[in-house]
Amino acid sequence: MARLLVLGLLALLGGCQLLELDRQYATAQRELLLIPGTLQSSEQALVALLDPQNRLLAYRIVQPGGLFYFSMPVSNYQLLAFNDRNGNLRLDVDEPYHWLPQARSAPFRVQPSAEQRSQLGQLNELQPELASHSPAPPPALDLSQAYRELPRLQHNYLQVVDFDDPRFSPQRISQGAWQPLDFLSEVGYGLYLLEPWDADKEPIILVHGINSGPPVWRALAESIDRERFQLVLFHYPSGLPLNHSAYLLGEALRDVQLRHRPPRFHVFAHSMGGLVARRAVQLLSAGGGNDRQCLFLTLATPWDGHPAAADGIAHAPVVAPVWRDLAPGSQYLQTLFATPLPAHIRQWLLVSYSGNSRLLEQPNDGVVPLASQLRSAAQDEAEHLYVMAENHTSILASPRSQALISRALGELPDSGCR
């Protein structure tokens with residue numbers, strides 16, 4: 001009965017939004033396509049997406065054997081991969097490259113399975129070390145120009161903001177949950193700073209949860225030593241499949257390391273943000289992308305999913321893609337703990353249990369079941385586990401949380417992670 005009440009509440013509050021969400025994905029499947037591929041190389045490569053006029057549109061940092069993809073409007077595209085051996089983000093004359101003047105594409109998919117992703121990766125197999133006999137690439141390819149010329153990167157990548165930025169408004173947060181494709185068009189993914197980048201500070205990446213945004217970190221941010229740590233806000237539309245947001249978070253973290261080379265960094269996440277962040281950390285493992293990550297601290301994360309998501313899948317007339325990821329036993333949730341995180345990453349698990357809601361059958365923090373936060377696999381990997389008398393949101397403003405975070409940061413060695 002309680003689960004039906006949760007479903008009824010979702011239907012009451014989200015019926016119109018669900019229909020809009022369904023319309024958006026139907027439109028995307030008509031108007032977007034995927035340009036996927038695989039890097040067949042023994043070293044990391046930069047993969048650039050170009051339009052037919054040789055203009056740079058986007059790029060990825062891809063590890064050997066790694067899959068990559070771009071979601072773009074229907075058109076023709078080129079792919080150019082090169083081994084940037086001197087790290088200057090430019091294709092130099094002595095660097096191996098592989099250019100595909102006519103990249104192959106596939107229809108847009110919302111949540112491809114692992115098998116489908118593998119098949120998509122075969123569409124454009126790039127081999128820079130073996131394919132330099134391919135046609136001469138466009139001249140003067142300089143990926144650093146992306147930060148000067150692409151409007152989205154100019155506004156959303158490591159730009160200084162405050163918690164009252166209009167992109168973080170309640171209206172935008174709701175749009176990210178219920179009209180995520182409109183959000184992508186009008187706002188886009190973001191990686192923001194609260195102060196200008198300082199190479200002497202250690203970045204802490206903050207990842208919010210579902211139907212939420214960067215302002216949720218306001219109270220905790222005040223308790224962190226800003227002379228020592230650089231707070232970085234990851235902003236994403238929470239209605240999209242979690243794999244997509246995790247992939248782009250991982251790409252953003254690779255890019256930060258490529259361009260700024262911080263000696264170490266940390267990732268904190270709240271609620272569903274923990275599911276996004278853990279997958280991003282896993283993706284970073286390929287090629288040693290998280291060898292400088294020391295802390296992974298999560299608060300009130302539903303590691304075992306949420307029963308309301310399963311109810312929505314079973315009974316709602318329209319299924320939000322993110323529900324499929326949040327449903328207990330989903331493929332996404334299984335993948336999260338199929339491989340443990342590297343041993344050098346210190347994992348701190350903060351769990352909330354107060355504010356019990358009668359709309360859930362299990363003991364909960366007002367939003368997430370306690371049992372989901374205490375998934376055995378998550379406990380087994382945690383170096384520190386704290387169960388706190390806070391509800392799902394008060395845990396972010398709790399003096400106890402602030403003290404634990406200060407302790408976690410204070411216990412770091414002078415250099416390295418262990």
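Using a 4.5 Å cut-off on side-chain heavy atoms (C-beta onward), R264 and P413 make contact. Residues T335 and N243 form no side-chain contact, since every pair of their non-hydrogen atoms from C-beta on lies 4.5 Å or further apart. The closest side-chain heavy-atom distance from L242 to M272 is below 4.5 Å. Here the side chains of F268 and L295 are in contact, with some heavy-atom distance below 4.5 Å. Within the 4.5 Å cutoff, the side chain of E411 has heavy atoms near those of the R346 side chain. Taking 4.5 Å as the limit, every side-chain heavy atom of F70 sits out of range of all side-chain heavy atoms of L57. Considering only heavy atoms from C-beta on, L349 comes within 4.5 Å of T298 through its side chain. Counting heavy atoms from C-beta outward, H235 and F183 have side chains that approach closer than 4.5 Å.
Put simply, the side chain of Q179 never gets that close to the backbone of G239: no donor and acceptor are under 3.5 Å apart. A side-chain donor-acceptor contact under 3.5 Å links H306 to the backbone of A308. Using modelled atom types, one side-chain atom of S394 and one backbone atom of N391 make a donor-acceptor pair closer than 3.5 Å. The closest donor-acceptor contact from the side chain of Q24 to the backbone of L181 lies under 3.5 Å. When atom types are taken as modelled, the side chain of D165 and the backbone of R167 share a donor-acceptor pair closer than 3.5 angstrom. A donor-acceptor pair is defined here as one N or O able to donate and one able to accept, closer than 3.5 Å; no such pair exists between the side chain of T301 and the backbone of W303.
What you find for V267 and V207 is that their closest heavy atoms are CG1-CG2, 4.4 Å. Among all heavy-atom pairs drawn from V47 and A81, the shortest one is CG2-CB, 3.9 Å.
Using a cut-off of 4.0 Å between Lys/Arg side-chain N and Asp/Glu carboxylate O, R218 and D164 are scored as salt-bridged. Here R400 does not pair with E390 in a salt bridge; the nearest charged N to carboxylate O distance is not below 4.0 Å.
No side-chain N or O of S401 forms a donor-acceptor pair with one of Y386 less than 3.5 Å apart. Side-chain atoms of N356 and N364 include a donor-acceptor pair closer than 3.5 Å. In this structure, a donor-acceptor pair under 3.5 Å is present between the side chains of W99 and Q78. Checking H392 against S271 by side-chain atom types alone, a donor-acceptor pair falls below 3.5 Å. Looking only at atom types and distance, the side chain of R254 has no donor-acceptor partner in the side chain of Q257 under 3.5 Å away.
Atoms CD1 and CZ, from I204 and R226 in turn, are 10.0 Å apart once rounded to the nearest 0.5 Å. Distance OG/S212 to CH2/W217: 9.0 Å, rounded to 0.5 Å. Distance check: L412 CG to D414 CG gives 10.0 Å after rounding to the nearest 0.5 Å. For the atom pair CG of D162 and CG of L194, the computed distance is 8.0 Å after rounding to the nearest 0.5 Å. Interatomic distance, CG of N290 versus CD of Q293, reported as 6.0 Å (0.5 Å rounding). Considering CZ of R324 and OG of S330, their distance stands at 11.5 Å, rounded to 0.5 Å.
Ring geometry for H266 versus F229: interplanar angle over 60°, hence perpendicular rather than tilted (30 to 60°).
Ring centers of Y236 and H208: under 6.0 Å apart, within the cut-off. For Y247 and Y69, the distance between ring centers is under 6.0 angstrom.
Under the rule for a salt bridge (charged side-chain N to carboxylate O under 4.0 Å, His left out), R279 has no partner lying at least two apart in sequence or in another chain.
Enclosure of atom CD in Q102 is not indicated, since only 12 or fewer non-hydrogen atoms of other residues, nucleotides or ligands lie within 6.0 angstrom. Environment of CD in E195: crowded, with over 12 heavy atoms of neighbouring residues, nucleotides or ligands closer than 6.0 Å.
For R278 and F337, the positive end sits near the middle of the six-membered ring, less than 6.0 Å away and at most 45° from its axis.
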Practice task
Decide yes or no on side chain to side chain contact (heavy atoms under 4.5 Å, CB included) for E186 and Q175, but give the supporting numbers first.
Solution key: CA-CA 10 Å; E186 297 171 14; Q175 184 185 43; 3.1 Å; yes

Practice task
For the pair Q402 and L220, evaluate side chain to side chain contact (heavy atoms under 4.5 Å, CB included) and give the outcome as yes or no after the intermediate values.
Solution key: CA-CA 6 Å; Q402 295 174 6; L220 271 182; 3.5 Å; yes

